[in-house]
Amino acid sequence: MLKNLNHLTLAVSKLDHSIVFYQQLLGLKLHVRWDNGAYLTCGELWCCLSVDASRHFVSPQESDYTHYAFSIAQEDVTAFIARLDQEGVTCWKENKSEGLSYYFLDPDGHKLEAHVGNLAQRLAACREKPYQGMVFFD
């Protein structure tokens, strides 16, 4: 049911430092930034940098908002969630942003997401209801 990696969200401690790293050092394209985050792309991969006060260099046992999202078709979401629920998979977060998302843990506790939508849809929603301090670059 999952199609590909939808986007990558990275919890960061210093947004400006992270933007310089990803945009200037690695060459990702910056689309928008706001007080607590930024959206960039690397080819087709959409990357979100999200400020997380608890983020610091951590061992794999520590936790933050970093997760890996996979695209899923709208028509597959209900059955997908039902199957995960039936198997006792843990949901780790409720969706609060544009686009249907289901957040779940793998057996090792990795944070994963099944997401309907793309960066263009998220940016359109953000233009209608921007996050605090949001500045668009395209």
Side-chain angles (χ1 to χ4, degrees):
M1 290 169 121
L2 296 178
K3 296 178 180 181
N4 59 20
L5 187 62
N6 183 279
H7 67 275
L8 178 61
T9 298
L10 301 170
V12 300
S13 59
K14 298 175 186 166
L15 182 61
D16 290 336
H17 180 74
S18 294
I19 289 174
V20 168
F21 179 82
Y22 287 98
Q23 182 187 27
Q24 295 178 15
L25 183 61
L26 300 185
L28 276 65
K29 181 178 179 184
L30 178 64
H31 294 273
V32 62
R33 69 160 293 155
W34 62 96
D35 290 352
N36 292 309
Y39 292 144
L40 304 96
T41 52
C42 179
E44 296 296 314
L45 179 61
W46 156 27
C47 295
C48 173
L49 303 178
S50 181
V51 174
D52 187 327
S54 67
R55 183 64 189 172
H56 50 87
F57 186 80
V58 296
S59 69
Q61 292 77 27
E62 293 180 288
S63 181
D64 57 38
Y65 185 63
T66 301
H67 65 280
Y68 306 95
F70 299 89
S71 294
I72 189 167
Q74 177 78 40
E75 60 270 15
D76 294 334
V77 171
T78 302
F80 179 78
I81 293 171
R83 190 171 68 220
L84 294 183
D85 285 346
Q86 182 179 357
E87 294 298 319
V89 172
T90 301
C91 176
W92 63 271
K93 180 183 186 320
E94 289 187 36
N95 186 40
K96 295 180 182 174
S97 59
E98 177 278 328
L100 178 62
S101 291
Y102 183 72
Y103 300 90
F104 57 98
L105 298 177
D106 78 357
D108 293 302
H110 293 105
K111 293 179 178 178
L112 305 174
E113 173 187 356
H115 182 79
V116 175
N118 58 36
L119 179 58
Q121 292 165 324
R122 177 66 57 88
L123 290 174
C126 287
R127 288 185 194 283
E128 290 182 22
K129 262 182 133 170
Y131 305 151
Q132 181 177 350
M134 189 170 259
V135 178
F136 292 88
F137 294 95
D138 58 353

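Scope of the values below: all heavy atoms of this structure, side chains included, with no hydrogens, waters or symmetry mates. Numbering of residues begins at 1 and proceeds along the displayed sequence.
A single hydrophobic cluster is seen to contain both Leu100 and Val89, as judged by linkage of ILVMFWY side chains at heavy-atom distances under 4.5 Å, directly or through other members. Hydrophobic clustering keeps Val135 apart from Tyr131 (ILVMFWY residues linked when any side-chain heavy atoms are closer than 4.5 Å, directly or through intermediates).
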Please step through ring-ring contact (aromatic ring centres under 6.0 Å, His included) for the pair Tyr39 and Trp34, ending with a clear verdict. CA-CA 9 Å; Tyr39 292 144; Trp34 62 96; 4.8 Å; yes
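What you find for His31 and Lys29 is that their closest heavy atoms are CD2-O, 3.4 Å. Scanning both residues, Asp35 and Leu15, for their nearest heavy atoms gives O-CD2, 3.9 Å. Closest non-hydrogen pair, Ala11 versus Thr66, comes out as N-OG1, 3.0 Å. Residues Asp138 and Arg127 approach most closely at O-NH2, 2.5 Å, considering heavy atoms. Between Leu112 and His67 the shortest heavy-atom distance is N-CB, 4.4 Å.
A distance of 13.0 Å separates CZ of Arg33 from CZ of Phe136, quoted to the nearest 0.5 Å. Between the CG atom in Leu5 and the NE2 atom in His115 there is a gap of 11.5 Å [rounded to 0.5 Å]. In this structure, CD on Gln86 lies 10.0 Å from CG on Leu84, to the nearest 0.5 angstrom. One finds the CG atom of Leu45 at 10.0 Å from the CG atom of Leu119 (value rounded to the nearest 0.5 Å). Note that NZ of Lys111 and CH2 of Trp92 are 5.0 Å apart. Values are rounded to the nearest 0.5 Å.
Side-chain contact between Leu30 and Ile19 is present, with heavy atoms from C-beta onward closer than 4.5 Å. Residues Leu10 and Tyr65 form no side-chain contact, since every pair of their non-hydrogen atoms from C-beta on lies 4.5 Å or further apart. Two residues are said to be in side-chain contact when any heavy atoms from C-beta on lie closer than 4.5 Å; Lys129 and Met134 fail this criterion.
The environment of CD in Glu75 is crowded: more than 12 heavy-atom neighbours from other residues, nucleotides or ligands sit within 6.0 Å. Annotation for Lys14: atom NZ does not count as buried by contact number, only 12 or fewer foreign heavy atoms lying within 6.0 Å.
Using cut-offs of 30° and 60° on the angle between ring planes, the pair Tyr102 and Phe104 is parallel.
For Ser71, the side chain to side chain donor-acceptor pair (under 3.5 Å) partners are Asn4, Asn6, not counting sequence neighbours.
Between His7 and the choices Phe70, Trp46, Tyr68, the ring-ring contact (aromatic ring centres under 6.0 Å, His included) rule is met once, by Trp46.
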